[in-house]
Amino acid sequence: MKTHKKVKITLQNVTKIFGKNAERVVALDGVNLEIYDNKFTTIVGPSGCGKSTLLYLLAGFEKPTSGGILKDGKLIENPGPDRGFVFQDFALFPWRTVLGNVMFGLISNGYDKKQAKKIAMDYINLANLNGFEHAYPHTLSGGMKQRVSIARALAYDPEVLLMDEPFGSLDAQTRKYMQEELVKIWEKFHKTVVFVTHSVIEAVYLSDIIVVMSARPGKVKAVFDVKIPRPRNYTGEQYLKVRKEVLDYLEEEVQKEIEMNNT
Amino acid sequence: MGDGEDLKSLQAKNKVSEIGQFIAPFLVFGLFWEIMVRSGIANVQTLPAPSMILHELYVLIGKKGVLQCHIYHSFYRLALGYVLAVVAGITIGTVLALQKDLRDMFSPVLSLLISVPTIAWIPVLLITMGLGDKTVITAVFLGGVFEITYSTIAGIRSVHQQQINAARIMGVRGLGLFFKVLLPGSLVSIMPALRLSIGYCWRALVGGEMLSAMIKWGVGKMIYDARFWNDVKVMLVGLIVIAFFGVLLDRIMLKRLEHETVEKWGMLVER
């Protein structure tokens, strides 16, 4: 594993405002952040802290109101295949089979059908979906759908993988299983990942770096380096210590969010 | 004998009983009708018996060989008008779905147009397009285009933003985005419109053929011309042909297409 830290993405004073005048919502307010190459970075924060907005800006689905986001020194302005995205609600194409979904990014990036199919099958196997390549998404369970979605995002080998609460809609059992699978897959590739969740348990289990965001307007409150070796143990001493540390920070923010909603 | 064979023979049996169930009411009704005519209760001149209609069908197909020609001409007009309506409807619908300003401008017009029965257009078309094929094909086109446009707008707008985003981050944009995401994603709304509008087109076709003086062939024309000879048999043969192909187009062709697409993809359940 690489020990030096190379900056992959830089957020410079990023502000995002939705709506106008009275309906103006400041989602992000002057966010400065560095995301390192080949690291698993997780963003946690109370609901409404703009963590998903941040991810959408990284993806290029939305543009910052002010400030800039640089990837390898170049401004991110549009979505593009140098990044992959895993959505909370999967966003699979129901008119394509599992194989068709995973091949999608490959075909649209110039691979011929034969190559694309071969690579897609590798990722389908990696996601433990062998035997389901010809199934349509609506026949799969939530966990399986999300594995297709991850395989689809990884197959065309993007430099950065963006994951927006990918396990948020899964039941607790499946969620735990998916976390373990994701760590296994990540250990293979060491791809730069930006993962958004509101679960600290998940964040500490998965990440190299945890970014805690403050309640509205969203700002970076703290950044933690997590140096626990993988695979991690949910009840390990180190794990619990980091978890408590992060939770203490987060609790303050959750409290603020609740107070804000009450007034 | 394996279970697979059992299942197959069971399915075949079901199919047979399904067809039987479909035909039975016609048999009962036909028999009743036949008796009414033969016993003299109904007038043979105004209401010929089913057996006479079937005989006429045989004469028109076999001896004279004209029915095929009528059907051929009708289908040619239907196909041309319908395909034009589908292409134009989906294109216009997509543009209106994506351009809010245009949509705001044209959607009141569209909702007016969609409520005009197509046959009301025909006198106008007879003047602007002449008394021939052009008028009939345009009538067929108008019969379907508004419904398809309307449903395309609804369909494209109902495509999940996340699916569009997923395609965009994988590097798909422009026409690729239309063919790979917007179109398949909106089929759930477009497919029922395709089924509905082929029925509208079929009706417009028959009306158009009846009213266009310069055309000689077509099922609608055959029915209309039969009134010169007071030949109710030919008219009824025409009605049967129209009903038969109407069902055939919907059930055999489009329903199957729907089954092979949005139904197979589980998109109907999702709604």
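Chain identifiers are assigned alphabetically (A, B, ...) following the order of the sequence lines, protein sequences preceding nucleic acid strands; residue numbering begins at 1 within each chain.
- More than 12 heavy-atom neighbours from other residues, nucleotides or ligands sit within 6.0 angstrom of CZ on A:F18.
- With a 6.0 Å radius and a threshold of 12 heavy atoms from other residues, nucleotides or ligands, B:Q161 has its CD atom above the threshold.
- If you take OG on A:S108 and CD1 on B:I169, they are separated by 11.5 Å, rounding to the nearest 0.5 Å.
- Taken from CG in A:L92 to NE2 in B:H160, the straight-line distance is 11.0 Å, to the nearest 0.5 Å.
- Annotation for A:Y177: atom OH counts as buried by contact number, over 12 foreign heavy atoms lying within 6.0 Å.
- Rounded to the nearest 0.5 Å, atoms CZ (A:R152) and CE (B:M170) are 4.0 Å apart.
- Residues of residues 55-65 of chain A having a heavy atom under 4.5 Å from any heavy atom of chain B, listed by number: A:Y56, A:A59, A:G60, A:F61.
- The main-chain N or O of B:K180 is found under 3.5 Å from a side-chain atom of A:W95 such that the two form a donor-acceptor pair.
- Residue A:P94 comes nearest to B:W265 through the heavy atom pair O-CB, 3.3 Å, listed as atom of the first residue, atom of the second, then distance.
- Looking at every heavy atom in both residues, A:P81 comes nearest to B:G171 through CD-CA, 3.9 Å.
- Environment of CZ in B:F178: crowded, with over 12 heavy atoms of neighbouring residues, nucleotides or ligands closer than 6.0 Å.
- Counting heavy atoms of neighbouring residues, nucleotides and ligands inside a 6.0 Å radius, atom CZ of B:R103 exceeds 12 of them.
- Other residues, nucleotides and ligands contribute more than 12 heavy atoms inside 6.0 Å of the CZ atom of A:F87.
- Between A:F85 and B:N165 there is no side-chain heavy-atom pair separated by less than 4.5 Å.
- Within a 6.0 Å sphere centred on CZ of B:R203, other residues, nucleotides and ligands contribute 12 heavy atoms or fewer.
- A:Y136 OH to B:K264 NZ: the interatomic distance, rounded to the nearest 0.5 Å, is 4.0 Å.
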